[in-house]
Amino acid sequence: MRMTRTFIPTLRDDPAEAELVSHRMLLRGGYIRKLTAGIYIYLPLMQRVIHKISNIVREEMDRSGAFEITMPVLHPAEIWQQTGRYYDIGPELMRLDDRHKRPMVLGATHEEIVTSLLRGELRSYKRLPLNLYQIQVKFRDEIRPRFGLMRGREFLMKDAYSFDIDEAGLDIAYQKMVDAYKAVFKRCGLETVMVESDTGAMGGKFAHEFMVIVDTEGGEATILSCPECGYAANLERAESIPVNGPAKTEEAPQSYSPVETPNMKTVEEVTAFLNVPARKLVKTLMYRAGEKVVAALIRGDRQINETKLSNAAGVPMVEMLDAAGVEQATGAPVGFAGPVGMRADISVIADEEVKAMINFVVGANAGDRHLINVNLTDFRIDKTATIRSAEAGEYCPRCRKERLISRRGIEVGNTFKLGTKYSKALGATVLDEAGNERLLIMGSYGIGITRTAQAAIERFHDDRGIAWPVPIAPALCHLVCVNSGDAALSAAADKLYDDLQKAGIEVLYDDRQERTGVKFADADLIGLPWRITVGAKGLASGMWELKARMADAPEMVLAGEIIPRLLAILKSES
RNA sequence: CGGGGUGUGGCGCAGUCUGGUAGCGCACUUGGUUUGGGACCAAGACGUCGGAGGUUCAAAUCCUCUCACCCCGACCA
């Protein structure tokens with residue numbers, strides 16, 4: 001690739017629209033351009049990165065025994081109506097009509113499509129197990145696209161679907177995908193952590209996410225992990241053994257009484273005013289859970305975990321009541337809700353920790369008033385569950401020895417054990433050995449291709465630009481001719497460019513009539529792993545300068561040795 | 001959808017309050033000088049000031065409506 005012949009529109013200034021480093025560098029480095037909110041054009045350099053990642057994914061998927069297909073982007077709405085996701089997913093599913101006014105959707109994922117394919121084609125268990133995958137554009141009409149490729153509306157994803165006759169088969173298929181994923185990310189040069197996750201809207205019973213640990217603001221998710229035993233889960237799902245238990249367990253329960261707390265709405269205000277620690281207070285959070293209203297009780301110093309709460313409430317999603325809703329439900333303004341005398345039609349879900357508390361503070365369901373010395377016998381609890389978020393510094397729920405640490409990560413892959421949700425809805429069955437009709441047991445497995453690319457940048461960069469890992473870099477080396485106006489230098493660089501290409505080494509050749517500083521700055525920004533500089537000093541000595549992207553200083557290498565060196569690097573790093 | 005903000009040449013912005021016919025830096029074109037970390041001189045090209053309507057002798061600027069984009073929140077890979 002000669003820079004004068006391809007299209008790499010680098011930007012000198014940061015575009016105003018980009019917040020995240022990785023997003024800024026994609027824009028500035030001439031990798032992508034935005035078409036409209038959340039929808040991007042992939043320029044030549046980006047396209048090469050996509051190919052690199054896709055090829056690695058393809059090789060590992062094929063090796064695992066899966067087969068590549070391509071499914072349509074545009075689907076008839078009918079299939080989505082049959083599984084119910086047409087109604088469940090909501091506006092995120094892009095809907096449109098064709099010219100005959102037939103309702104269509106843009107594929108947000110392809111469970112419906114593969115399942116409907118196989119329901120018509122698979123008759124016998126002898127065809128199983130089967131795993132089909134594709135690398136395809138997905139469309140999700142995100143409420144709020146942001147962070148460039150990380151939360152776009154249109155993105156590239158590898159999605160695989162496994163089909164088995166029984167759970168044992170699914171376990172094997174799942175493990176194969178987990179192994180393939182570990183191999184994929186390792187080959188991409190990315191360290192990932194596999195964490196347990198909630199299944200969410202996908203349905204199913206068991207799921208993992210593969211996170212690239214970035215520990216930057218780009219890390220969208222918090223992961224709690226145990227350095228001792230390897231336990232890891234995202235914040236939604238993580239469990240923990242608390243370090244500081246109830247305040248004083250041996251305290252004698254007293255009978256409660258009201259106190260005036262004028263305008264004290266927050267835990268901080270109330271505890272400061274009453275001079276008690278936050279863990280002697282129970283906060284009552286009012287949620288809408290489907291048709292019902294629930295009151296969630298957690299200790300004052302804890303954070304509610306809405307995923308855990310919705311699981312406990314048995315609904316897909318909970319939503320915090322607004323001020324008017326709280327007032328209607330409790331008869332008091334926000335900040336004064338409490339479980340004592342809670343309306344009978346509101347179910348009370350208490351966090352496990354609350355059960356150990358004695359003589360605590362709660363809201364009085366009346367303005368400017370709290371109750372002190374409240375005990376569990378003073379109110380009704382319909383259900384007890386862990387509904388608080390685990391915190392860093394608490395003990396690991398598995399080994400119980402080490403304390404959990406918190407890290408920030410970007411999800412690049414996920415695996416779901418789906419079971420029969422889709423095969424049941426669409427009637428996808430096969431006959432088993434005994435001649436009985438059996439529903440297909442499914443799994444689905446995704447890798448965000450474009451997202452992985454951006455996660456890699458978020459992980460590997462410095463203040464000057466990207467620093468790609470060799471296996472997914474758009475090219476191995478960046479050949480800079482210091483002065484393309486100088487005939488002798490330019491000829492030497494041309495020759496090296498030809499030789500590199502003949503040797504099968506991918507090279508981006510900066511043959512522009514630009515000042516050296518401009519070329520170096522662009523090379524750092526674009527971030528290829530190696531830079532070769534052809535300059536006047538080298539012309540005399542027969543040596544060119546070779547520099548690794550993150551190295552402090554270059555080294556001088558004999559012209560004839562550059563290609564063998566790079567070939568050796570290629571061999572060891574990909 | 002709620003809250004906040006921005007739309008002016010390819011990019012980054014000033015000008016809007018106080019109306020007078022559009023400006024700066026970078027990029028771009030041509031010529032020249034330069035050439036190892038974002039050069040210099042000279043000459044140029046590029047704008048329906050997001051769109052529609054209105055007020056006015058006169059609108060980037062005031063009014064009404066509308067669209068797009070960005071940030072915070074809910075949602076999510």
Compute whether any side-chain donor of one residue and acceptor of the other, for A/Asp159 and A/Gln134, lie under 3.5 angstrom apart.
-> yes

Candidates [options] - which lies nearest the side chain of [X]:
X: A/Val518; options: B/A39, B/C71, B/G36; value: B/A39
X: A/Arg464; options: B/C70, B/C71, B/G37; value: B/G37
X: A/Thr516; options: B/G37, B/A74, B/A68; value: B/G37
X: A/Glu142; options: B/G12, B/C75, B/C28; value: B/C75
X: A/Ala37; options: B/G38, B/C70, B/G36; value: B/C70
X: A/Pro15; options: B/A39, B/A74, B/G12; value: B/G12

Applying the Watson-Crick and G-U wobble criteria at under 3.5 Å, what pairs with [N]? Answer none if nothing qualifies.
N: B/A60; answer: none
N: B/U6; answer: B/A68
N: B/G44; answer: B/C28
N: B/U16; answer: none

Decide yes or no on side chain to side chain donor-acceptor pair (under 3.5 Å) for A/Asn234 and A/Arg237, but give the supporting numbers first.
-> CA-CA 6 Å; A/Asn234 64 19; A/Arg237 190 179 232 269; over 6 Å; no

Using a distance-only criterion (donor-acceptor N/O pair, under 3.5 Å, no hydrogens), is the base of [N] paired with the side chain of [X]?
X: A/Glu545; N: B/G36; result: yes
X: A/Arg12; N: B/A27; result: no
X: A/Arg531; N: B/G36; result: no
X: A/Asp524; N: B/G37; result: yes

Using a heavy-atom cut-off of under 4.0 Å over every strand shown, decide if A/Gly535 touches base, sugar-phosphate, or nothing.
-> base

Using a heavy-atom cut-off of under 4.0 Å over every strand shown, decide if A/Met150 touches base, sugar-phosphate, or nothing.
-> base

A/Gln513 has an atom CD; how far is it from atom C1' of B/G31, in whole Å?
->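 So the CD-C1' distance, A/Gln513 to B/G31, works out to 15 Å.
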
May I have the distance from A/Asp510 (atom CG) to B/G36 (atom P), rounded to whole angstrom?
->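 Taking atom P of B/G36 as the reference, CG of A/Asp510 is at 15 Å.
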
Salt bridge present between [X] and [Y] (N-O < 4.0 angstrom):
X: A/Lys283; Y: A/Asp351; value: no
X: A/Arg565; Y: A/Glu555; value: yes
X: A/Glu411; Y: A/Arg451; value: no

Closest-nucleotide 5' rank along RNA chain B - winner of A/Arg140 and A/Gly38 =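 Nearest-nucleotide comparison on RNA chain B picks A/Gly38.
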
Which comes earlier along RNA chain B counting from the 5' end, the contact point of A/Asp13 or that of A/Ser484, where each point is its nearest nucleotide?
-> A/Asp13

